[in-house]
Every structure is written in C-alpha cells, then in structure tokens.
2 protein chains.
Amino acid sequence: MENKCVLIVDDESAIREMIRVALEMSDIDCMEAGSAQEAHAHIVDHKPDLVLLDWMLPGASGIELLRRLKRDELTKDVPVIMLTAKGEEDNKIQGLDVGADDYITKPFAPRELIARIKAVLRRAGQLEDESAIDVEGLTLDPASHRVFIQQKPVDMGPTEFKLLKFFMTHRERAYSRGQLLDHVWGGNVYVEERTVDVHIRRLRKALQTDHIDYGTLIQTVRGTGYRFSTTGANVA
Amino acid sequence: MENKCVLIVDDESAIREMIRVALEMSDIDCMEAGSAQEAHAHIVDHKPDLVLLDWMLPGASGIELLRRLKRDELTKDVPVIMLTAKGEEDNKIQGLDVGADDYITKPFAPRELIARIKAVLRRAGQLEDESAIDVEGLTLDPASHRVFIQQKPVDMGPTEFKLLKFFMTHRERAYSRGQLLDHVWGGNVYVEERTVDVHIRRLRKALQTDHIDYGTLIQTVRGTGYRFSTTGANVA
DNA sequence: TCGAGCTTTTACACAACTGTCATATTTATT
DNA sequence: AATAAATATGACAGTTGTGTAAAAGCTCGA
C-alpha cells in the first residue's frame, strides 16, 4: 500500500527534522514547509494526507493558515494537527474551534505523535460515501466492500472492485484508458494503458453468472476507451 | 465484577484528590487529568466508564472537550458529568445541551456525587446490549462473557472475545486493521497492524469445532481488512 | 521473584493479485 | 475481400498481502 504523506509546517528546521525522523520510522512520508505561505502552496499543490501545523509561526500565522485552509472548499478536508508549545494552552481550544483535528503540546513523545497521526488518518479515511449502489440487480456495497448479483456475493480482485465502483458512480460516459488509470489506479503510477484492457476483461468475467451477464454493461468504445451503460450496446 | 473507572478532570489537584478519596470509598477506580488535552488523550486511550468534567478549566475548555467528545464516534458514548461552580448555573444548561449526562454544582456532598455517579453508570450500563447475540448457532453472551457453539462453551482469550463481539455487532461490513484497533483495542494504542492478523487467526481457530467451522464467518477482504458476514464466500 | 496466560512481534511460506506479453479475434477502411 | 488497427484473451512471472507458527514481551497474582 502507498505510504501516507504528512506535511510538517514549522519555522525551525531542527524541529522539522526531528519530526521527520520519527515519522519515517513509521513509514510515513514527509514534506516540509518553513512558512505559512510555503505550506499553503504545497497543500494546494500536493494535497498531503495530513498537515502538522505549528501554532507559533512567525507572524502568528499558524492559526491564520488553519482558518484559511478550512474556509476553502478545496482544502477543508485535509486533516490538521496543531503543535502548540506548553503555556499556549488557551490556543489549543481556539485551534479546535477553527477545525483542527487534534492538537499536541511540545515537547511530545514521538510515540504519542505517531499514535495521534495514525488515529486522525484512520478517522479521515472513513468519510467516504457508503451507501450501496444498485443497477438492475447488480449491487455494489462500499461498506462491506462487496458486489452482489441478485443478492449473491461475487468474487473479484481489489482493482476490479475499484474499477467497477468507479464505473457505477460514473455511468453513461466514456473514459479513456488514461482517465481510468488516473481515477482508479490513482495519479502518478506508471502502468501500460493496455493493462486497463486486462482488468476490464477480468471485471467482465467476474460479472458473468450462469444466468445473467452483467459484463455487457461495460461497453467498449472503440478508439476511445470504455463506458458503463445500462442502455444496450449501440453503434457509435 | 470489575470496578468501574472514572476519569476526574479538574485543574486543581486538591479537588481531584478529594473526589478520588470519595469515590474510592465506594470502590470506584479513579484516574485524573489536569487539562482538557490530557483528558482527551486518556479517554481515547482507556475509555473510562465515566468522565467527571470540570466546566472551569483554564481556557474554558471543559465545554469544548465535551463537545469534542460527543462529536467523535469513538467517544460519544462515554457518559460525562459536568462539575460547575455556584454562579455558573447557566452553563449547566449549555452542558446538557451538548450532551452531558448530568451536572453537579460545587461545592457538593460526597454522598450526592456518589449517588449521581452511580445513577449515570447504571443508566449507561443498561444501554449496553446485554442480550445474547446468535448467528446460525454461534452465540455470544455479553452477560456471562462467553461464547457458545450449539450451546457448548468455547474457549478464547479476552481480545478474541472483544473482537468477536465487535464483529457480531457490526456485521456485513469491512473494517481495516486500523479501524479494528480503534474499536477493539481502543483508541491511541500503538500496536502493529499485523497484530490484528494474529488475533483473527486465533479467533478463527477458536471458532472451529469438529463439526462446524464458524471461522469462515470472518472473511478476509484483501487489501482492506476483515469482515464478518453470514453470506458465504463464493466461487471464483 | 517466578510462572502462567495472554499479547505482540517476527519470520517465513503461501496464495492471490497485478502488469506485461504474445497471440487471437473483432472492427473499420479501402 | 484484403489489410490495417484496435481490442480480447490466455498465460506467465514478479510482487504484494495474508496465513501460520514460534519466539519474545507483558501482566498479574501466588
């Protein structure tokens, strides 16, 4: 599985370095930013999985940045843990009010930091849409992470599952192999486009039963890619 | 029966000590926290049976903590009694609004405190599902803290029991190892995720008998985690 | 302080899944 | 009908994730 990426925002590079060491011990990838501006640019740019934000940035801009992040639709879902020095306790609460997901007081034990980061990451990951999707007897249930054909569970690999989920939430529309790679495989992976064909094939196969063949819902759009459609196949 | 554990949250250690003495007279275990932050960490970590929370923490964070606790799925079920000083009576109402289970005005008689605590614990205790859960001949009885297969008692460790209880009360849904750690181990414990595998293994083993193998009810969701399901796995 | 009973970690084997290729098969074009 | 282009299919090997057992660590009570 891909590592989580945490952005460390602190003006003291020594502290950043210390935190980085702690996190990398736990297989968490780190990026660093020394100022609020730098941090903001990075967040918009790379969408880290979590931001560790020092309250005491020069210009008291830590809380400013937090507020700004939470105001913007694009960044409001990025979890933030505030770092506060002892004696700034009042600020913690303010931080929470503005939407920090947790706070931790310096100095802290690396273990505790890791534990909190993991806890926040875990909770953040849970927020996805979980209601089942049904198409003519083909049901995909994100909660149980399963697919059913007429209430009967169907077996398929993780990639096929994600692929089908994407299709069922984006029907009646053709996607190129490249787009599918982006959406299903996720951004920066280098994979042959032909690989998509293979997974389409596997998915179609999995959707076949003795009685019904739901594989035909995934239609080939020659020269373009594929499309999930409930209206029978037709000519271009 | 195991003693109940109450977390006392107050910034004055003298008051904490006084309360502690009173509670321990009644065989109630106590933990203490002097700040909202400390308290939150403790609650997530150890899930006390009840929290005695002073409204007047530095930074007026008592009410904040309460709000935070009630917002988070993991902690919303922990009962809270608010401690308010005379003259802050208006706050009581606010506290109740946010979800406190009761409130007490300082100064209070120890007898009264004990009485209220017991009342809240009693109420909370009743909410716990004490009725046995049965799935196709596999029975878990929270009251006796035992598991039966066709009326025959089954042996397993405490963690396996909690794990099974969680699964049986949360069926047909995939949980990541991280989520299982959150729910079964409790909050911020810092444990390898692979540890879950081992307990799953032991639980599955415990659920096997000469005749039936209930271990298969716990299904592996590759790349995701595990799921308790009564709809059998299926053919490829 | 020691030991029993659990829990957690570790290490390795194994099975499932993935990505790629080589080879059919289909579709479009002339 | 022949040819070119694109997709479908089956097989293979490398990779990843999980199962399993055994060892190391804890905890609590005698």
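A quick note: this is a predicted structure, and the numbers were derived from the prediction, not measured.
- Whole-Å rounding puts the H199(B) NE2 to dG19(D) P distance at 14 Å.
- Here the two rings, on F228(B) and H170(B), have centers that are 6.0 Å apart or farther.
- Ion pairing between a basic and an acidic side chain is recognised when a charged N comes within 4.0 Å of a carboxylate O; D213(A) and R204(A) show no such pairing.
- Using a 4.0 Å heavy-atom cutoff across all strands shown, F161(A) reaches no nucleic acid atom at all.
- Between D197(A) atom CG and dA24(C) atom P there is a gap of 18 Å when expressed in whole angstrom units.
- At dT7(C), none of the side-chain N or O atoms of T195(B) fall inside 4.0 Å of OP1 or OP2 (strictly under the cut-off).
- Between F166(A) and Y175(A), a ring centre-to-centre spacing shorter than 6.0 Å is recorded.
- Taking only side-chain atoms of P158(B), from C-beta outward, the nucleotide of dT18(C), dT7(C), dT20(C) with the closest atom is dT7(C).
- Evaluation of atom-type donor-acceptor distances gives no pair under 3.5 Å for the side chain of R202(B) against the base of dG19(D).
- Take the nearest nucleotide of DNA chain D for T224(A) and for K205(A): the residue whose nucleotide is more 5' is T224(A).
- Screening L53(A), I43(A), D54(A), L52(A) for a side chain to side chain contact (heavy atoms under 4.5 Å, CB included) with V9(A), the sole residue that qualifies is L53(A).
- Regarding contacts with the backbone of dA8(D), a side-chain N or O of Y226(A) is found under 4.0 angstrom from either OP1 or OP2.
- Annotation: of the two residues near DNA chain C, V196(A) and M156(A), the 5′-most nearest-nucleotide partner is M156(A).
- Listed pair W185(B) / dT7(C) fails the phosphate criterion, with no side-chain N or O lying under 4.0 Å from OP1 or OP2.
- Distance CZ (R222(A)) to P (dA5(D)): 11 Å, rounded to an integer number of Å.
- In this entry the distance linking CD1 of I218(A) with C1' of dA8(D) reads 14 Å, nearest Å.
- Straight-line distance from the CG atom of L163(A) to the C1' atom of dG19(C): 14 Å, rounded to whole Å.
- Neither OP1 nor OP2 of dG17(D) sits under 4.0 Å from any side-chain N or O of T220(B).
- At a threshold of 4.5 Å between non-hydrogen side-chain atoms, the residues V135(A) and Y214(A) do not count as touching.
- Of the listed nucleotides (dT18(C), dT8(C), dT7(D)), dT7(D) has the atom at the smallest distance from the side chain of R194(A).
- For the pair E192(B) CD and dG25(D) C1', the computed distance is 14 Å after rounding to whole Å.
- As a whole-Å value, the separation of Y190(A) OH from dG19(C) C1' is 12 Å.
- Counting any heavy atom pair closer than 4.0 Å across all strands shown, E160(B) reaches sugar-phosphate atoms only and no base atom.
- Distance, R177(A) CZ to dT20(C) C1': 15 Å, rounded to whole Å.
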